[in-house]
Amino acid sequence: MKLSSLLERLEYTLLQGSAEQEVTTVAYDSRKAEQGSLFVCVRGAVADGHKFIPDVVAKGAKTLVVEETVEAPEDVTVILVEDTRYAMAFISAAYFGYPAERLKTIGITGTKGKTTTTYMVKSILENAGYKVGLIGTIEAVIGDKVIPAANTTPESYVIQEYFREMADAGCDCVVMEVSSQGLMLHRTQGFVFDFGIFTNIEPDHIGPNEHRDFEHYLSCKAMLLKQCRIGIVNRDDEHFEQIIEGHTCRLETYGFSPEADLRAEDAQLVGGKGYLGISYQLKGLLDFPVEIDIPGKFSIYNSLTAIAICRHFDVSEENIIKALKVAKVKGRIEMVKVSEDFTLMIDYAHNAMALESLLTTLKEYHPHRLVCVFGCGGNRSRLRRYEMGEVSGRLADLTVITSDNPRNEEPQAIIDDIKVGMAKTEGKYVEIIDRKEAIAYAIHNGEPGDIIVLAGKGHEDYQEIKGKKYPMDERVLIADILAGR
């Protein structure tokens, strides 16, 4: 492939060599450079790609894309760009043959709701006969192929590689989670989303290597509305006006607000034996009743988002209603049937904000007792432990404090930190270090009408101890406990 073809949608300066240089592969990891490679010098949080130029040239790389003037042999072409991450997105799109142009692309950003909404959209569209690819926090799904995720939004090269595989596998569309980091680092450049969705925003991901403050976090999230054709935004979010400022897309809105294009009215909590859900009447651009088997007001928002997207895909009311009823997400308010008497669920809530939201939602169902089983990760902020302890102590009737991913810390030390937060409340608790024993305790002591939440692990199927990941899936633990193993 000619270098000029890879650069056709980019502004650049040719520092040396020729734009007619042949390129065999594109690499941004020096270990993957080979004879004839184009190497993109990306500045990361840990390493700067410019420092690896001697290594990649020795491996035979013949083209370098840089942000600064560098020394390179005469037979190596050097391309100067303003931002190598931005350039990599366009180079990757060209390298894989602009696969996004063969797909309907749906990007969902927001502090909460991204994961659940992507699976709802996938469920509705597949129910209507579409073949849907997915990229998100848990996994990427391409036909029957499932790839565990390392980042919510992968590097631009990986996104384009996935898009190409999806297009080749006959996918009609792709729904993906778009993180603020992904937007900030230009991972979703190189194409324009057909639909860009903004669910909500709350302070999160603020700190070293993430966002310097809330304003920066918000401005990165809002970038999606400058990278899509149709923007679909939560009208109820208090930062709505800031979010849509400077948007370049056609706008649609959803929410409870009378000003929203797609509205939820007459919301009702519904529940039965081992089951919690919610129902409402859809109004505005569409008009029909909706019921979902996932509790809470945020489930209404997630389903509204999914409906707002899917109405552009010629999906019938019947298909939407049916698909929302069966849409499930691993580790996100995932009900696991263990008894006719009480409800048990697994959820990924692993910080104070998520745990508070979850427990507050479940209290609305007036359980006999709300029981929360959780721990906190090691080698992470101790403040998170105090906060989560305080939240569970305040909202749960009983907290079972246990181990999460202790990493290189002692589990008891983490539990002691959680108890500091618990001590600020009058909440009852027991401490059981072994997570399986803690879950068994909660199940064996369940009372009629209880809601039991296993928080923090969600979709994870491992426990990280002293640098090693050991298999541990809570669904397997529950099955073992019920079987008496």
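Quick note: residue numbers are just sequence positions, from 1. Just so you know, these numbers use all the heavy atoms, side chains as well, and skip hydrogens, waters and symmetry mates. Just so you know, these numbers come straight off a predicted model, no measurement behind them.
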Residue pair [X] / [Y]: nearest heavy atoms and the distance that separates them:
| X | Y | result |
| --- | --- | --- |
| L304 | A264 | CD1-CB, 3.9 Å |
| A349 | L358 | CB-CD2, 4.2 Å |
| Y95 | T24 | OH-O, 3.4 Å |

Can you confirm whether [X] is buried at [atom1], in the sense that more than 12 heavy atoms of other residues, nucleotides or ligands lie under 6.0 Å from that atom?
| X | atom1 | result |
| --- | --- | --- |
| K328 | NZ | yes |
| R31 | CZ | no |
| K337 | NZ | yes |
| K62 | NZ | yes |
| D314 | CG | no |
| E11 | CD | no |
| K466 | NZ | yes |
| K59 | NZ | yes |

Geometric cation-pi criterion, R9 with Y98: 6.0 Å, 45°: yes
- prompt: Looking at Y348, is K330 sitting on its ring face, NZ or CZ under 6.0 Å from the six-membered ring centre and within 45 degrees of the normal?
  reply: no
message: Can you confirm whether or not the ring centre of F96 sits under 6.0 Å from the ring centre of Y157?
response: yes
query: Quick one: side-chain hydrogen bond (donor to acceptor under 3.5 Å, both in side chains) partners of T25, sequence neighbours excluded?
result: S37
task: Inspect the contact between E409 and R380 and indicate whether a charged nitrogen and a carboxylate oxygen are less than 4.0 angstrom apart.
output: no
query: Between H186 and Y86, what is the ring plane arrangement, given parallel below 30°, perpendicular above 60°, and tilted in between?
result: perpendicular
- prompt: Hey, what's the ring geometry for F163 with F191, parallel, tilted or perpendicular (30° and 60° as the breaks)?
  reply: perpendicular
For [X] and [Y], does a side-chain donor sit closer than 3.5 Å to a side-chain acceptor?
| X | Y | value |
| --- | --- | --- |
| Q181 | T153 | no |
| Y217 | T111 | yes |
| H459 | R332 | yes |

Verdict with supporting geometry, D473 and R475, salt bridge (Lys or Arg N to Asp or Glu O under 4.0 Å): CA-CA 5 Å; D473 185 322; R475 294 147 206 81; 2.6 Å; yes
- prompt: Checking side chain to side chain donor-acceptor pair (under 3.5 Å) for the pair T199/N234: CA distance, chi angles, key distance, verdict?
  reply: CA-CA 6 Å; T199 62; N234 179 353; over 6 Å; no
- request: Apply side-chain contact (heavy atoms from CB on, under 4.5 Å) to P411 and list each qualifying residue two or more places apart in sequence or on a separate chain.
  value: S403, P406, I433
- request: Just do the side chain to side chain donor-acceptor pair (under 3.5 Å) check on Y365 and T343 with the steps written out, would you?
  value: CA-CA 11 Å; Y365 287 80; T343 305; over 6 Å; no
task: Using the side chain to side chain donor-acceptor pair (under 3.5 Å) rule, take E177 and T137 through it: C-alpha gap first, then chi angles, then the decisive distance, then the call.
output: CA-CA 7 Å; E177 296 182 52; T137 303; 2.7 Å; yes
query: side chain to side chain donor-acceptor pair (under 3.5 Å) with N405: which of E460, K469, Q463?
result: E460
task: Output, in order, the C-alpha distance, side-chain angles, deciding distance and verdict of salt bridge (Lys or Arg N to Asp or Glu O under 4.0 Å) for D172 and K131.
output: CA-CA 5 Å; D172 308 291; K131 191 167 181 183; over 6 Å; no
query: Once you round to the nearest 0.5 Å, how far does CG of L10 lie from CD of E82?
result: 11.5 Å
query: Could you give the distance from CD1 (I91) to CG (L6), rounded to the nearest 0.5 Å?
result: 6.5 Å
- prompt: Could you go step by step and tell me if F313 and F195 meet the ring-ring contact (aromatic ring centres under 6.0 Å, His included) rule?
  reply: CA-CA 11 Å; F313 284 80; F195 303 95; 5.6 Å; yes
query: With side chains defined as the heavy atoms from C-beta onward, is the minimum distance between F298 and K112 less than 4.5 Å?
result: no
